Asks: 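Handing you this structure, nothing more for now.
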Amino acid sequence: MIPGQVRVVTRFAPSPTGRLHLGHAMSAVLAHDLARRQGGRFLVRIEDIDPTRCREEHVATILADLDWLGLAWDGAVVRQSSRLALYAAALDRLKAQGLVYPCFCTRAEIAASASAPHGNEGPVYPGTCRALSDPDLARPHCWRLDMARAVAIAGLLSWTDHGIAIAADPAMHGDVVLARKDAPSSYHLAVTVDDAGQGVTDIVRGTDLFAATHVHRLLQALLGLPTPRYHHHPLLTDGRGERLAKRTGAPTLATMRAAGEDGRALAAALARGEHRPKTALRAP
Ligand code: GLU
């Protein structure tokens with residue numbers, strides 16, 4: 001490392017909603033190796049803010065998988081469930097700027113709104129609750145970002161992906177949820193707050209999260225947080241070209257580990273690109 005240069009910090013941030021598969025292993029290996037090549041730090045963060053989908057048993061399995069792959073992390077494993085006050089504070093900042101509003105709509109109501117185009121994360125919210133004059137906060141509600149106002153305030157934004165400048169276009173996501181009815185933060189808010197709070201300089205993750213980066217870049221601007229470098233990597237696919245996922249029956253790392261496979265050899269193969277994905281990086 002050159003003296004005075006900020007040390008590279010990467011992270012692997014799984015959600016304990018299921019067991020890890022090869023795609024997760026690739027993200028973890030690439031993030032780990034990027035940090036280690038430059039004498040940096042590799043962090044592990046468990047993204048467990050969704051009580052309806054996260055299971056404690058998966059946390060131990062994830063850590064055992066990383067150990068099996070030979071990926072040692074720096075410092076303590078951070079759990080998002082222990083950082084809820086930080087997300088609430090970030091939401092309060094956005095409330096103070098008049099950039100979020102409470103929304104009382106149910107999923108069914110939003111889905112039924114015929115004109116709503118479908119974005120990456122389901123229907124784009126039609127804005128029903130955006131201008132409520134006297135919202136009853138005793139009723140169950142989430143908090144949504146007023147995207148048009150936020151974009152107007154933030155102005156033109158960009159980030160770098162593999163060193164290439166990408167123009168941020170968060171407006172396509174519409175008024176995204178930042179705090180949910182059933183969870184005190186959304187993925188977008190928690191990940192943005194944590195990456196900055198943990199000093200992450202380089203984010204390595206799959207292209208499935210490329211679209212979400214438009215929102216994260218906007219939140220960084222609104223909250224006065226630094227923008228890390230991004231390295232979205234192509235997703236691994238199975239023999240039929242299907243993206244690896246639990247629901248498509250991808251073998252889990254835990255199964256390979258139990259079968260006595262060599263995790264370190266697997267990590268080395270992934271680092272060499274030998275489990276080559278069959279899909280190209282999605283065009284930005
Ligand atoms: N927790 C997210 C997931 O498991 C990844 C978050 C990220 O890398 O930004 O899909």
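None of the values given here were measured: they were computed from a predicted structure. Remember, it's 1-based here, ligands and their atoms both numbered in the order they're listed.
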Asks: Determine all donor-acceptor pairs shorter than 3.5 Å in which one atom belongs to a side chain in residues 150-160; sequence neighbours excluded.
Replies:
residue, atom, partner, partner atom, Å
Trp159, NE1, Asp161, OD2, 3.0

Asks: I'd like to check the side-chain hydrogen bond (donor to acceptor under 3.5 Å, both in side chains) partners of Trp68; sequence neighbours left out, ordered by chain and number.
Replies: none

Asks: Output all residues satisfying side-chain contact (heavy atoms from CB on, under 4.5 Å) with Ala269, sequence neighbours left out; order by chain, then residue number.
Replies: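 Scan of Ala269 (side-chain contact (heavy atoms from CB on, under 4.5 Å), adjacent residues dropped) gives Arg272, Glu274, His275.
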
Asks: What does the N/O contact table under 3.5 Å look like for ligand 1?
Replies:
residue, atom, partner, partner atom, Å
ligand 1, 1 (N), Ala13, O, 2.7
ligand 1, 1 (N), Ser15, OG, 2.8
ligand 1, 1 (N), Glu47, OE1, 2.6
ligand 1, 4 (O), Ser15, N, 3.3
ligand 1, 4 (O), Ser15, OG, 3.2
ligand 1, 8 (O), Arg11, NH1, 2.7
ligand 1, 9 (O), Arg11, NH2, 2.9
ligand 1, 9 (O), Tyr187, OH, 2.9
ligand 1, 9 (O), Arg205, NH1, 2.7

Asks: Considering all heavy atoms of both residues, which atom of Asp48 and which atom of Cys54 are nearest to each other, and what is their separation?
Replies: CA-SG, 3.6 Å

Asks: With salt bridge (Lys or Arg N to Asp or Glu O under 4.0 Å) as the criterion, how do Asp50 and Arg180 come out once you've worked through the C-alpha distance, each side chain's angles and the decisive distance to 0.1 Å?
Replies: CA-CA 9 Å; Asp50 184 342; Arg180 298 170 32 166; 3.3 Å; yes

Asks: Angle class for the His173/His214 ring planes (parallel below 30°, perpendicular above 60°, tilted otherwise)?
Replies: tilted

